[in-house]
> 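One structure is given below, represented as structure tokens, and several questions about it will come after.
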2 protein chains.
Amino acid sequence: MAIDPLDARILLALDDDPDATTLGVARRLGVARNTVQARLKRLATSVLRGFGQRVDPAALGYPLVAFVSLRISQSSQVQAVAGLAELPEVIEVHATSGDADLLLRVVARDTAHLYRLTNRITNVPGVQRSDSAISLTELLPARTRPLLERLAQEQ
Amino acid sequence: MAIDPLDARILLALDDDPDATTLGVARRLGVARNTVQARLKRLATSVLRGFGQRVDPAALGYPLVAFVSLRISQSSQVQAVAGLAELPEVIEVHATSGDADLLLRVVARDTAHLYRLTNRITNVPGVQRSDSAISLTELLPARTRPLLERLAQEQ
DNA sequence: GGTGAAAGGTCATTAAG
DNA sequence: CTTAATGACCTTTCACC
């Protein structure tokens with residue numbers, strides 16, 4: 001299920017203009033409309049993630065982002081993750097190298113909210129130690145464009 | 001520029017079915033099509049991020065995710081970030097609390113690629129010390145749904 | 001390529017802050 | 001009085017087979 005250069009160019013065109021139509025993309029790339037149509041249908045079930053990825057938590061009233069690393073008692077990993085999943089502010093959970101460590105991305109309304117949130121996190125059963133780093137600025141906003149541009153030039 | 005419950009419900013409907021049409025969403029929510037149309041137009045310039053956010057790097061051939069924290073000599077922050085931005089595999093850069101520290105999200109094709117990548121990162125001018133944590137599993141995939149559901153029930 | 005369907009625009013009316 | 005939602009109409013444009 002590899003991505004070829006045309007797939008990448010289609011995705012880049014949509015990145016330039018998220019509201020571009022299938023026909024518009026086809027014209028821009030100089031290919032048949034049906035080609036783009038078939039490609040997008042396939043891409044939608046492979047490389048495209050849900051619409052929720054386009055929603056910016058900051059614009060929802062949660063401007064603070066923090067990364068919290070947790071030490072978990074290895075016996076209760078599953079239970080701990082289930083507990084964390086019940087907190088809406090926990091946006092993402094990764095199991096990281098090192099033993100029984102989790103890395104969370106959390107969002108909060110303000111610093112007071114973040115403080116209460118970290119307290120709730122450390123109270124989740126199985127959580128042993130926590131260490132959080134607040135994101136002061138997103139110096140480089142999440143991007144996939146450079147990867148797509150590289151794929152678009154390949155062959 | 002706050003989000004009201006109807007906005008949240010529109011976004012949730014699109015999260016359920018990313019290909020839903022404006023009219024479809026309107027029917028589902030029991031509101032007029034023009035309402036959804038006007039809301040989406042406004043949301044597109046406030047809470048919705050670019051299409052690139054929907055592209056999954058893993059599906060592009062970069063299945064490895066790692067979080068790299070860097071110590072930067074404070075005088076050369078700008079220069080360091082510029083250098084990092086030239087690496088396509090660097091997906092995200094945050095300035096974090098603590099002094100002159102950066103947190104990066106990077107992707108790689110395999111462990112060998114990741115090894116070379118971290119070497120290139122530490123060679124970026126201004127970078128002093130690096131510490132990376134590989135994501136073994138994404139236990140909780142990035143989500144905004146719980147936040148939207150909370151907003152949808154408010155008021 | 002043809003056809004059914006939706007987008008996008010405008011407007012007058014109505015409701016609510 | 002201002003902002004927003006609504007329903008109606010229209011034309012253009014697209015997705016799908």
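Within every chain, numbering begins at 1; the chains are lettered A, B, ... in the order of the sequence lines, protein sequences first and strands thereafter. As the structure is a computational prediction, the values presented were derived from the model and not from experiment.
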> Let me know the distance between CZ of A:Arg27 and P of D:dT13, rounded to the nearest Å.
9 Å
> Rounded to the nearest angstrom, tell me the gap between atom CG in A:Asp19 and atom P in C:dG8.
7 Å
> Below 4.0 angstrom from OP1 or OP2 of D:dC14, is there any side-chain N or O of A:Thr22?
no
> Go through D:dG7, C:dA6, D:dC14 for me and flag the one nearest to the B:Ala32 side chain.
D:dG7
> What do the steps show when you test B:Glu92 against A:Arg105 for salt bridge (charged side-chain N to carboxylate O under 4.0 Å, His left out), and what is the final call?
CA-CA 13 Å; B:Glu92 212 174 330; A:Arg105 178 198 285 255; 2.5 Å; yes
> Between A:Gln37 (CD) and C:dG1 (P), how many Å, whole number?
16 Å
> Taking the minimum atom-to-atom distance to the side chain of B:Arg33, which one of D:dC14, D:dC9, D:dG7 wins?
D:dC9
> Between B:Asp16 and B:Arg145, is the salt bridge (charged side-chain N to carboxylate O under 4.0 Å, His left out) condition met? List the steps.
CA-CA 10 Å; B:Asp16 283 337; B:Arg145 194 159 232 287; 2.4 Å; yes
> With rounding to the nearest 0.5 angstrom, report the CG to CZ distance, B:Asp17 to B:Arg28.
7.5 Å
> Closer to the 5' end of DNA chain D via nearest nucleotide, is it A:Lys41 or A:Leu23?
A:Leu23
> In whole Å, I'd like the distance from the CG atom of A:Asp17 to the C1' atom of D:dC14.
15 Å
> Please tell me which of the listed nucleotides, C:dT10, D:dC17, D:dA5, lies nearest to the side chain of B:Asn34?
C:dT10
> Could you state the CD1-C1' distance from B:Ile10 to D:dA4, rounded to the nearest angstrom?
13 Å
> D:dA15 phosphate, OP1 or OP2: any side-chain N/O from A:Thr21 under 4.0 angstrom?
yes
> I'd like to know if the side chain of A:Ser97 and the backbone of B:Ile134 have a donor-acceptor N/O pair within less than 3.5 Å.
yes
